[in-house]
Amino acid sequence: MNLSLSIGPVVSLIAGILILIMPRLLNYIVAIYLIVIGLVGLFGVGTFKL
């Protein structure tokens with residue numbers, strides 16, 4: 001069984017949950033999200049094969 005999991009939706013889901021739990025972290029979560037997505041775009045490590 002091959003399971004392909006893209007990192008973009010996973011990171012955004014975790015960021016959304018954290019914003020709902022702790023709204024004060026919004027600036028940090030957005031900054032970290034943008035950095036992670038930028039690094040994924042640069043290095044092309046967008047999918048994990050499980």
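Predicted model only: the values in this text are computed from it and were never measured.
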Same apolar cluster: Tyr28 and Leu20, side chain cutoff 4.5 Å | no
Taking Ile32 as the fixed residue, which of Ile35, Val36, Val30 is the one that meets the side chain to side chain contact (heavy atoms under 4.5 Å, CB included) rule?
-> Val36
Only residue of Leu34, Leu18, Ile17 satisfying side chain to side chain contact (heavy atoms under 4.5 Å, CB included) with Ile29 is Leu18
